[in-house]
Amino acid sequence: MNDQFLPDIAAQATHHDLPLDWVGMAGIALPIRLASAAVTASVDIGVSLDDAGARGIHMSRLYLAAQRLVHQELDVPAVLQVLDDCLSTHQALSDSATLTLRGQVTLERPALVSPLTGWKAYPFELRARQDGRGVNMELQVEVGYSSTCPCSAALARQLIQQRFAETFALEPLDYLEVLDWLGSTQGIVATPHSQRSTATLQLRLAPDYTELPVLALIDSAEQALGTPVQTAVKRADEQAFALANGQNLMFCEDAARRLHRALRQLPQASAFRLKVVHAESLHAHDAVAESYWNWS
Ligand SMILES: Nc1nc2c(ncn2[C@@H]2O[C@H](COP(=O)(O)OP(=O)(O)OP(=O)(O)O)[C@@H](O)[C@H]2O)c(=O)[nH]1
């Protein structure tokens, strides 16, 4: 049937006479590429409805604008084009457009010692907005890591020292006996607690960059943290991880400060906020720290 015979409710006027801040669609499934990897993103796309008397926006035009991204590498020009399409197809109706994509980018990561590699998923979110003041784009990535409590490590070391004093105080030290003792659970009587932890990093993108700095952000965060969670692990990798953790004790405050310094080095960031959550095994609640730079 010809479109002109179909009722077009959105084109009607409304007697409510009230503009709306955001109207659009949430949760559109879209196959895209990010950091050269295939990703199924969940997309929210919308515009403001500034014409107070218009009944509705044109959902199909927004949907078609988002389709531009299918199977394409997600970058700044592609996102700007979608926002432009949203506004140009809603002239006289809308002054602002927003696009949000969420998903997980899956990257191949090497083991610490063995020649194995494995895959690690990093949740991301890209939020973009265009209005009369210009464009604002924010990239958020989550990075998982291990944190070992420095206080717990010190308390464990003290217990080991005490046990050593109790065991060997009265006898001359015998090298082999001490070596054997060190390799036993009677010797190393206590271990510090570690936790799987998450850093959520939110960058406001500086102008003049076309690529989304997904890899740069993840790599600099993992380097700063020192003990990212692993993928494929043989015993040699696990031992290397134990050593790395033992040499990398951190409170959530330490992790937040390290990340703050690392993100300050990224030229693609004009502002950022970060949050670390240490899902403590000592207690049933989390230890959390946040840090902002230039954020408003
Ligand atoms: N505005 C609006 N549209 C909705 C809603 N729920 C479903 N739709 C439907 O979204 C479909 C697409 O809307 P439009 O983009 O205006 O479709 P169209 O009139 O064929 O397309 P154009 O000719 O480009 O305007 C319509 O069939 C609407 O009924 C809603 O809550 N608001």
Side-chain angles (χ1 to χ4, degrees), residues 1-106 121 123-142 200 202-205 207 209-212 214 273 296:
M1 189 185 287
N2 190 318
D3 266 8
Q4 78 186 80
F5 299 116
L6 301 174
D8 190 355
I9 303 300
Q12 294 175 348
T14 175
H15 61 275
H16 286 299
D17 205 28
L18 183 70
L20 295 170
D21 297 307
W22 193 89
V23 189
M25 288 163 288
I28 299 171
L30 212 63
I32 61 162
R33 298 190 70 78
L34 184 58
S36 304
V39 170
T40 302
S42 173
V43 176
D44 300 351
I45 187 166
V47 288
S48 55
L49 181 51
D50 299 289
D51 181 344
R55 178 81 185 270
I57 65 149
H58 302 277
M59 300 276 178
S60 68
R61 300 179 194 177
L62 302 184
Y63 190 91
L64 293 175
Q67 293 295 305
R68 278 183 169 279
L69 301 173
V70 169
H71 298 315
Q72 304 298 315
E73 177 70 25
L74 188 66
D75 59 15
V76 173
V79 171
L80 292 179
Q81 188 62 62
V82 172
L83 293 172
D84 266 352
D85 284 359
C86 292
L87 290 175
S88 65
T89 56
H90 285 80
Q91 274 173 8
L93 285 181
S94 308
D95 293 338
S96 69
T98 69
L99 175 70
T100 302
L101 295 103
R102 293 180 199 88
Q104 292 197 332
V105 60
T106 308
F124 75 89
E125 188 165 321
L126 179 73
R127 290 185 282 270
R129 176 185 171 87
Q130 184 172 345
D131 58 24
R133 288 173 302 176
V135 175
N136 184 51
M137 228 178 276
E138 290 166 14
L139 175 66
Q140 178 178 309
V141 172
E142 275 180 40
T200 303
Q202 200 176 334
L203 291 195
R204 185 165 298 143
L205 298 180
Y209 287 91
T210 55
E211 278 182 28
L212 296 175
V214 175
R273 64 187 290 184
S296 54

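Residue numbers run from 1 in the order of the sequence given. Because the structure is a prediction, the values reported are computed rather than measured. Read the numbers this way: they start at 1 and go in the same order the structure lists the ligands and their atoms.
- A distance-only check finds a donor-acceptor pair linking the side chain of His90 to the backbone of His58 [under 3.5 Å].
- Heavy-atom contacts from other residues, nucleotides or ligands closer than 6.0 Å to CZ of Arg127 number more than 12.
- Asp44 contributes a side-chain N or O that, together with a main-chain N or O of Gly27, makes up a donor-acceptor pair within less than 3.5 Å.
- Side chain of Glu73 to main chain of Ser36: a donor-acceptor pair is present (N/O by atom type, distance under 3.5 Å, no hydrogens or angles).
- Within 4.0 Å of ligand 1, protein heavy atoms come from Asp8, Ile57, His58, Met59, Ser60, Arg61.
- Legend: residues meeting side chain to side chain donor-acceptor pair (under 3.5 Å) with Asp50, ordered by chain and number and at least two apart, are Ser48.
- The OG atom of Ser94 lies 6.5 Å from the CD1 atom of Ile57; values are rounded to the nearest 0.5 Å.
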